[in-house]
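What follows is a single structure, written as structure tokens, with notes after it.
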Amino acid sequence: MTWTNRLRLAATLLVTLVVIAALVVIFNQRQHTIASTSATIVAPSVTVASNYDGTVIRSFVDVGSDVTKGEKLFEVSSVSLQQDLANEVKIADSDALRVDEETGTLTYLATTDGTVTQIDAEPGSYLGATQPLAVITGESGRVVEAQYTLTPGQYGLIDRGATVELSLPDDSTVMGEVDSAVVETVEGKAVVTVRVTSDELNDRDLNLVATDGAPVSAVIQLRDEGVFAGPTDALRSFVRKVGL
């Protein structure tokens, strides 16, 4: 065998080994990633409720209005409030409420920044005490709730802080991590609901696609205890760096 043929054989063997190693690492990577069966974005929301019964005399917002903390929402005239004030009952202002003792009216305020996503009271409508007025959905603190059907062994490989890749409705991808997991067993399978947090998900640039209830896909990285864990992590890091 000539030296040329020997070099070609060595090169062929080397390429074959590299390809086999890459395939093994990729196979191992796929064995330790699980895609969600369903997942949605959950945004925090606050329900504004009446303290006194009364009649709504003015609304300052509509569904879709963006509000900041302390902004006026509704003005309500209350006979019960007027009676309490006449009896010298002290009604203190709060972050959610301003009391006008002269007119016997209540002005309800936004207690958080966000968007008005529901209105239950219109000017002229009568409210009972504790009845909801509106719902404000916040623009920060969004999380993802994702469901997985796993074997008991797979469930045991979920770690708090594990990496989760979130695919949003506009096909963009953000990274998150496991915050908590709740499991119930159905026909021998572990049905797991995972709560995923992500700083990127709360980027204001994502407001249009990261709305409350938006469907997403969540791929979770299970703990890898095999001999290929190191090479797999290195490959995953390389793929992310090159943007694949």
Side-chain angles (χ1 to χ4, degrees), residues 13-45 137-207 209-244:
L13 290 174
L14 180 61
V15 170
T16 302
L17 289 174
V18 170
V19 170
I20 291 174
L23 291 175
V24 170
V25 171
I26 292 172
F27 175 77
N28 187 63
Q29 159 76 7
R30 291 183 175 178
Q31 288 294 101
H32 289 84
T33 56
I34 300 294
S36 59
T37 54
S38 65
T40 55
I41 293 173
V42 178
S45 61
T137 300
E139 295 178 350
S140 61
R142 287 174 291 211
V143 300
V144 167
E145 288 187 353
Q147 286 74 43
Y148 301 83
T149 301
L150 307 176
T151 65
Q154 289 173 323
Y155 172 68
L157 296 176
I158 296 177
D159 289 332
R160 177 172 292 178
T163 301
V164 183
E165 183 177 294
L166 303 172
S167 299
L168 303 181
D170 64 348
D171 291 331
S172 63
T173 299
V174 299
M175 303 306 297
E177 63 179 41
V178 173
D179 178 66
S180 62
V182 177
V183 61
E184 61 176 334
T185 302
V186 179
E187 296 179 351
K189 293 282 188 178
V191 179
V192 183
T193 299
V194 175
R195 185 175 185 270
V196 182
T197 58
S198 169
D199 291 338
E200 293 182 73
L201 192 63
N202 290 292
D203 189 323
R204 296 184 67 87
D205 292 340
L206 295 175
N207 279 346
V209 296
T211 56
D212 185 45
V216 300
S217 173
V219 177
I220 190 171
Q221 186 67 47
L222 303 179
R223 185 175 67 253
D224 187 354
E225 298 176 328
V227 295
F228 295 105
T232 300
D233 289 341
L235 176 63
R236 190 185 310 124
S237 177
F238 173 75
V239 169
R240 286 177 186 164
K241 286 181 179 178
V242 300
L244 297 177

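Counting only N and O atoms by type, the side chains of Thr37 and Gln147 include no donor and acceptor under 3.5 Å apart.
A side-chain contact (heavy atoms from CB on, under 4.5 Å) with Gln221 is found for one member of Asp159, Val164, Val178, Thr33 and no other, namely Thr33.
Note: Ile158 CD1 to Ser180 OG = 10.5 Å, rounded to the nearest 0.5 Å. The CD1 atom of Ile41 sits 8.0 Å away from atom CG of Leu166, with the distance rounded to the nearest 0.5 Å. Note that OG1 of Thr163 is 7.5 Å distant from CD of Glu177, once rounded to the nearest 0.5 Å. In this structure, CG on Leu157 lies 8.0 Å from OG1 on Thr151, to the nearest 0.5 angstrom.
Ser36 and Ala146 make their closest contact through CB-CB, 4.1 Å (heavy atoms, listed as atom of the first residue, atom of the second, distance). In plain terms, the two heavy atoms of Tyr155 and Ala190 that are nearest each other are CB-CB, 4.2 Å. The nearest pair of heavy atoms linking Pro169 to Val216 is CD-CG1, 4.1 Å. Closest approach of Asn202 and Gly141 over heavy atoms only: OD1-N, 2.9 Å.
Thr211 contributes no side-chain N or O that, together with a main-chain N or O of Ala214, makes up a donor-acceptor pair within less than 3.5 Å. In this structure, Arg142 contributes its side chain and Leu201 its backbone to a donor-acceptor pair below 3.5 Å. Under the 3.5 Å distance criterion, the side-chain polar atoms of Ser198 are matched with a main-chain donor or acceptor of Met175. Between the side chain of Arg195 and the backbone N or O of Glu145, no donor-acceptor pair lies under 3.5 Å.
Atom CG of Asp171 sits in a sparse spot, with 12 or fewer heavy atoms from other residues, nucleotides or ligands closer than 6.0 Å.
Residues forming a side chain to side chain donor-acceptor pair (under 3.5 Å) with Asp212 (at least two apart in sequence, or on another chain): none.
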